[in-house]
Structure formats: C-alpha cells, structure tokens
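This is a predicted model, so every value here is computed, not measured.
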Amino acid sequence: MKTVVLVSNSRHAVSRRPALTRLEAQAAGLAAGLGGMVRGLHAGPSDRQLREAMGHGLPEADWLDLADGVDPVPALIDHLKAQRPDIVIAGRRGEGTGDTGLVPYALAEALDMPIV
C-alpha cells in the first residue's frame, strides 16, 4: 500500500515562520502506523514543514518547490497522478495562511478518488 501525507504551507500563528500543523503531525503518525510505503508531499517555497513532518514518522518525502503565492493544486495533481498512491491523507487546511480548505476536494476530484 502506498500512502501520501500532504503537508501544507502553514505558518506559526505568532512568529509567522513555516510550521507543521498539529493535524498534519497526527497524520504523519497515522500513516506510519498503517504500514506499507509512506511518503510526505509538500508544495511551496520552503521545505521546513516537510522536515518537521519527517520528525513525526514520515520516512521519505517529496518537495515541489513553488514560489510563494502559487496555487499548489496543479503541481500536486501532476505529482500524485505519477505516484498513484492508494491513500492520500490531508488535513482540513493550513494554518496561518489564506487556505480555503478546498485542496483535498480538488485533489480527490482530479484523481477520481473518494474523500473521507
């Protein structure tokens, strides 16, 4: 089984530095417990969130280096279509940025995968 954990471009509420959200840290632990191949995936200008997620149980990760403010959905779709994971775990939305919470829904539709 191949599992991908999405890591958002979230920011710490006070310092505004890139930071892993609590739910994404939990998702990394959940995915590690499922067994099989587990990878993190982040699309954004910094890989700091991804490095933090690896400290929570992700053994491997992919970083799609995108400029700040660029919509990550097209890059995520292309990457996930090429990787063909069985499960994609995503949080509700990033914290501290202008995220709408629609990324998981857009990915599920584009990849023809159910969303739970």
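A heavy-atom distance below 4.5 Å is found between the side chains of Q26 and L23. The side-chain heavy atoms of T3 and D86, taken from C-beta on, include no pair separated by under 4.5 Å.
Residues M37 and L30 are members of separate hydrophobic clusters, defined by side-chain heavy-atom contacts under 4.5 angstrom among Ile, Leu, Val, Met, Phe, Trp and Tyr. Follow the hydrophobic side-chain contacts under 4.5 Å out from V73 and you reach L111 in the same cluster.
Separating the CD atom in E109 from the CD1 atom in I77 is a distance of 8.5 Å, to the nearest 0.5 Å. Atom CG of residue L50 and atom CG of residue L6 lie 10.5 Å apart, to the nearest 0.5 angstrom. Put simply, CG on L102 and CG on L107 are 10.5 Å apart, with the number rounded to the nearest 0.5 Å. Taken to the nearest 0.5 Å, the CD atom of E52 stands 11.0 Å off from the NE2 atom of H42. The distance from atom CG of L58 to atom CZ of R51, rounded to the nearest 0.5 Å, is 14.0 Å. Interatomic distance, I89 CD1 to L34 CG, rounded to the nearest 0.5 Å: 5.5 Å.
Under a 3.5 Å cut-off, the side chain of W63 and the backbone N or O of G44 do form a donor-acceptor pair. With hydrogens and angles ignored, the 3.5 Å screen pairs a side-chain donor or acceptor of E24 with a backbone N or O of S8.
Of all non-hydrogen atoms in A32 and G57, the two that sit nearest each other are CB-O, 3.6 Å. Residue V38 comes nearest to A31 through the heavy atom pair CG2-O, 3.4 Å, listed as atom of the first residue, atom of the second, then distance. Residues M113 and P85 come closest through the heavy atom pair CE-O, 3.8 Å. Of all non-hydrogen atoms in A53 and V7, the two that sit nearest each other are CB-CG2, 3.9 Å. Contact detail for A28 and V5: the closest heavy-atom pair is N-CG1, 4.2 Å.
Listed by chain and residue number, E60, D62 satisfy the side chain to side chain donor-acceptor pair (under 3.5 Å) test with R39 (two or more places apart in sequence, or in another chain).
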